Number of protein chains: 2
Amino acid sequence: MSLRMALLTLLAGAPRSGYDIGQEFDGVLKFVWHAKPTQVYPELKRLAADRLIREQDEGSRGRRPYEITDEGMRVLRTWLLASDTDHSQRNETVLRSFALWVVPPQEAVAYLREEREYHRARLRGMRALKNGLNLRLAPDRAALLGVEAGIRRLEAMVSWADWAIETVSTWPTGMAGTGRPASGGTDRRGGNPGIRPR
Amino acid sequence: MSLRMALLTLLAGAPRSGYDIGQEFDGVLKFVWHAKPTQVYPELKRLAADRLIREQDEGSRGRRPYEITDEGMRVLRTWLLASDTDHSQRNETVLRSFALWVVPPQEAVAYLREEREYHRARLRGMRALKNGLNLRLAPDRAALLGVEAGIRRLEAMVSWADWAIETVSTWPTGMAGTGRPASGGTDRRGGNPGIRPR
DNA sequence: TGTCGCATGTAAACCGTTACATGATTTT
DNA sequence: AAAATCATGTAACGGTTTACATGCGACA
């Protein structure tokens, strides 16, 4: 459902073609929502069939820009104000960190350094994007909200990586592989806080 | 692919049943990776068929705990160290913020306040989880990395929401709905920085 | 004239959610 | 005895990715 809303959000700001939208998904939106062109084009057709957007005149090189309709604006507002936000998250960087105890600390540190570099580079990109906004325009004022969230989340990841590298460096080394409590027992009961099962 | 690795990560720490894993996906892992029970059970069967995990003796109430095999550990380590991390993100809270200019500022502020409360509540939960870890165990030391990332990201979201509420309060009010540059034109060319198309 | 970037799409495979279905054990 | 929680699953649907396919226009 949210891909539709992402497309309506972009088209509410200005008319765009599928290709333009693909660029956004590789730019600002990259840290917020992602979709590939093969998903975007059919969805635009569906939105047009539902009269939430309308195809404009064809441009050069077979360009097909769409604009939002009044009904599309109504649907977008309703989604914003009268539906629950889906807070489910997926972050592979952090997922991997849960598994880092199975490799030697030095390799874990190497992994964390790579991740830190990735997030630093993204942070630079986001800051550049922020400077390109024209805050006299309402859509850009809202985009600033999104970009600022991206910046703060990336800063959090970079500072986390710094901290994680230091933390992992203090881990006891050696035999991480099989150094877990004997896995033969069937049921480990009793006051078990933390992330261990029951 | 990453669901498999999430399951292997959990089973590397200790034997668990599908139900146990479901609890993790509702707990620590919620901010990092999410999967529903209906996805977990079949995937466990597939992992067992591929000999990356092994079914232990059946427990009470039809409980079926699995343990990781040596081959499973090998696959987990290879994934960690020899494959690229998928950095694609999806965050509906921030996606919605890109669209907030289409509603009156006071409604935008109400939305942001709700989001702030949600993230504050989650942050409290994460901090409690952090205190429940037993740092003498290697898997919990790695879990601390993940939990700390969750905490820092949630803190970033809460402080972002604070800032966003103040920012939106200064937005000019009135006619946000149709206050965008006339949408009739076909192609808006020329030096266009920011998030506008071409 | 060849290559690069613009621009749009289809089909199949894969991943994830929703709706449905069942039964055992513990608590009230 | 009823309700809540534990515990596992299947089938259909919908969303997402991967592989494939095509053609125009600008520039070297």
Side-chain angles (χ1 to χ4, degrees), chain A residues 1-7 15-27 29-30 32-50 53 55-66 83-84 86-92 95 186-189 192 197-198, chain B residues 1-7 15-27 29-30 32-50 53 55-66 83-84 86-90 92 95 186-187 189 192 197-198:
Chain A
M1 194 87 279
S2 282
L3 173 64
R4 302 201 101 185
M5 297 308 147
L7 298 180
R16 285 167 161 91
S17 68
Y19 187 82
D20 291 335
I21 289 168
Q23 302 302 301
E24 309 280 4
F25 279 127
D26 279 347
L29 280 183
K30 197 164 185 180
V32 153
W33 204 264
H34 185 256
K36 312 226 155 166
T38 48
Q39 203 187 355
V40 170
Y41 289 115
E43 191 63 41
L44 285 171
K45 296 250 154 171
R46 260 172 259 137
L47 281 163
D50 294 347
I53 65 177
E55 211 175 309
Q56 292 182 326
D57 296 336
E58 191 159 324
S60 57
R61 286 172 166 180
R63 221 178 122 71
R64 293 171 175 278
Y66 292 88
S83 74
D84 289 341
D86 174 11
H87 291 102
S88 64
Q89 300 272 320
R90 257 162 218 185
N91 184 315
E92 203 182 295
L95 172 60
T186 34
D187 234 358
R188 298 157 69 236
R189 282 172 192 276
N192 233 343
R198 310 151 34 77
Chain B
M1 194 86 276
S2 282
L3 173 64
R4 304 200 99 184
M5 298 308 147
L7 299 179
R16 285 166 160 94
S17 67
Y19 187 82
D20 292 336
I21 289 168
Q23 302 301 301
E24 310 280 6
F25 279 127
D26 279 347
L29 280 182
K30 197 166 184 178
V32 155
W33 204 262
H34 184 257
K36 313 225 155 168
T38 49
Q39 203 189 354
V40 169
Y41 289 115
E43 190 63 40
L44 285 170
K45 295 249 154 174
R46 260 173 258 138
L47 281 163
D50 294 347
I53 65 177
E55 213 175 308
Q56 292 183 324
D57 296 336
E58 192 159 326
S60 57
R61 286 171 164 183
R63 223 179 119 71
R64 293 170 177 279
Y66 292 88
S83 73
D84 288 342
D86 174 10
H87 291 101
S88 63
Q89 300 272 319
R90 255 159 219 188
E92 203 182 295
L95 172 61
T186 35
D187 233 0
R189 284 171 190 276
N192 234 342
R198 309 154 31 78

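Bear in mind that the values here come from a model prediction, so they are computed numbers and not experimental data. The figures here come from the full heavy-atom set of this structure, side chains too, leaving out hydrogens, waters and symmetry mates. Chain letters run A, B, ... following the sequence lines, proteins first and then strands; every chain starts at 1.
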With a 4.5 Å limit on heavy-atom distance, are the side chains of [X] and [Y] in contact?
X: B:Y41; Y: B:K36; result: no
X: B:L7; Y: B:R16; result: no
X: A:Q39; Y: A:L3; result: yes

First of B:R90 and B:Q23 reached from the 5' end of DNA chain D, by closest nucleotide: B:Q23
Taking [atom1] from [X] and [atom2] from [N], how many angstroms apart are they, rounded to a whole number?
X: B:E55; N: D:dT8; atom1: CD; atom2: P; value: 10 Å
X: B:M1; N: C:dA13; atom1: CE; atom2: C1'; value: 14 Å
X: B:R46; N: D:dG9; atom1: CZ; atom2: C1'; value: 13 Å
X: B:Y41; N: C:dT18; atom1: OH; atom2: C1'; value: 17 Å
X: B:Q39; N: D:dG15; atom1: CD; atom2: C1'; value: 12 Å
X: B:K45; N: D:dA7; atom1: NZ; atom2: C1'; value: 13 Å
X: A:W33; N: D:dT16; atom1: CH2; atom2: P; value: 6 Å
X: B:E43; N: D:dG9; atom1: CD; atom2: P; value: 13 Å

From B:L44 atom CG to B:E55 atom CD, the distance as rounded to the nearest 0.5 Å: 9.5 Å
CD-CG distance between A:E92 and B:D84, expressed to the nearest 0.5 angstrom: 9.5 Å
Side-chain donor/acceptor of B:T38 to base of C:dT18, under 3.5 Å: yes
Terminal axes of the helix from C:dT1-D:dA28 to C:dT28-D:dA1 (five pairs each): angle between them, nearest 10 degrees: 30°
With sequence neighbours excluded, residues passing side chain to side chain donor-acceptor pair (under 3.5 Å) with A:D50: A:R4
Phosphate contact (D:dG9 OP1 or OP2) by B:R64 side-chain N/O below 4.0 Å: yes
Sugar-phosphate only, base, or nothing, as touched by A:R4 at under 4.0 Å among non-hydrogen atoms: nothing
Any side-chain donor near an acceptor of the partner, A:S17 and A:R63, under 3.5 Å: yes
Which nucleotide in C:dT17, D:dG9, D:dT5 has an atom nearest any side-chain atom of B:R61: D:dT5
Candidate nucleotides D:dA7, C:dT17, C:dG16, ranked by approach to the side chain of B:R63 - the nearest: D:dA7
